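Quantities reported herein were computed from a predicted structural model and do not represent experimental measurements. Sequence positions, counted from 1, serve as the residue numbers for this chain.
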Amino acid sequence: MVRRTDGLWALDHRVVEFGQSFLASTDIVAEFRRTAATLPTAHAGTMLLAILDGTDVPYLARHDGTQPIRPASDIGRRMPAVVTALGKAMFAQLPPAQLEQQLAQAGCSRSSRPDRTGPSSP
């Protein structure tokens with residue numbers, strides 16, 4: 001499960017096999033619902049489960065809290081990742097090269113800036 005590389009310990013490929021086996025035997029939506037029901041702060045807020053699918057974020061599950069205003073996020077709905085908080089958080093976890101590729105596919109650029117060439121102030 002671990003190997004020694006250049007004097008450092010590294011995880012072996014068998015760890016991935018265990019992870020895949022766990023995911024194959026787990027209903028992630030049921031696990032989300034079980035976990036959401038046990039979190040002390042979940043009673044008030046809305047929690048969403050989504051995945052990053054290319055440049056989109058499809059919503060898989062939602063736990064509605066007791067707050068009077070709820071976000072409009074229907075289960076099964078796909079949203080562009082660049083316009084959702086979940087999508088932006090998922091993008092933030094990508095390696096830089098993969099992030100640039102995903103943003104380019106979405107028609108965005110991490111280095112794009114608003115146009116600041118408007119009329120100057122008197």
Side-chain angles (χ1 to χ4, degrees):
M1 302 250 314
V2 293
R3 57 186 160 76
R4 190 108 168 138
T5 305
D6 297 327
L8 302 172
W9 291 101
L11 296 176
D12 195 283
H13 70 279
R14 289 181 210 106
V15 172
V16 175
E17 292 171 6
F18 279 118
Q20 288 175 333
S21 176
F22 170 76
L23 289 175
S25 66
T26 302
D27 179 351
I28 192 142
V29 173
E31 192 65 34
F32 167 80
R33 290 191 177 122
R34 252 190 315 277
T35 302
T38 63
L39 293 174
T41 57
H43 71 282
T46 297
M47 296 176 12
L48 296 164
L49 174 66
I51 59 170
L52 184 60
D53 184 21
T55 60
D56 290 337
V57 174
Y59 294 107
L60 304 178
R62 180 181 64 221
H63 169 82
D64 288 322
T66 58
Q67 79 279 8
I69 299 173
R70 292 188 174 93
S73 52
D74 298 325
I75 305 309
R77 184 175 189 186
R78 295 178 76 85
M79 295 290 294
V82 294
V83 300
T84 67
L86 278 172
K88 290 175 184 178
M90 289 183 224
F91 273 167
Q93 300 304 309
L94 295 176
Q98 188 178 355
L99 175 60
E100 290 295 336
Q101 180 183 9
Q102 294 287 82
L103 290 175
Q105 287 177 356
C108 301
S109 170
R110 189 167 61 155
S111 61
S112 64
R113 303 275 190 273
D115 183 12
R116 299 184 194 275
T117 59
S120 59
S121 302

- Task: Could you grab the distance from atom CZ of Arg62 to atom CZ of Arg77, nearest 0.5 Å is fine?
- Result: 10.5 Å
- Message: Quick check: do His63 and Leu39 have side-chain heavy atoms less than 4.5 Å from each other?
- Response: no
- Non-hydrogen side-chain atoms of Val57 and Ile51 separated by less than 4.5 Å: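 Val57 does not reach Ile51 side chain to side chain.
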Validation: residues 91-99 side-chain donor-acceptor distances under 3.5 Å, sequence neighbours left out:
none

- Task: Kindly state each residue pair satisfying salt bridge (charged side-chain N to carboxylate O under 4.0 Å, His left out) with at least one member in residues 82-97, sequence neighbours excluded.
- Result: none
- Message: Show, in sequence, the C-alpha distance, side-chain angles and deciding distance for Leu103 and Val82, and conclude whether the side-chain contact (heavy atoms from CB on, under 4.5 Å) test is met.
- Response: CA-CA 8 Å; Leu103 290 175; Val82 294; 3.9 Å; yes
- Task: Tell me, please, which residues at least two apart from Ala61 pass side chain to side chain contact (heavy atoms under 4.5 Å, CB included).
- Result: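 Expected list: Val29, Phe32, Arg33, Leu49.
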- Got a sec, which residues hit side chain to side chain contact (heavy atoms under 4.5 Å, CB included) with Thr5, two or more places apart in sequence or on another chain? Arg3, Ala10
- Query: Taking only residues two or more places apart in sequence, or in another chain, which ones meet Asp12 in a side chain to side chain donor-acceptor pair (under 3.5 Å)?
  - Reply: none
- Heavy-atom pair with the smallest gap, counting every atom of Pro80 and Asp56: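 In this case the closest contact between Pro80 and Asp56 is CA-OD1, 3.8 Å.
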- Identify the two heavy atoms, one from Ala36 and one from Met47, that lie closest to each other, and give their separation to 0.1 Å. CB-CE, 3.4 Å
- Residue set satisfying salt bridge (charged side-chain N to carboxylate O under 4.0 Å, His left out) with Arg34, at least two apart, ordered chain then number -> Glu31
- Task: Could you state whether Val83 and Leu86 fall into the same hydrophobic cluster, counting links through intermediate Ile, Leu, Val, Met, Phe, Trp or Tyr residues with side-chain heavy atoms under 4.5 angstrom apart?
- Result: yes
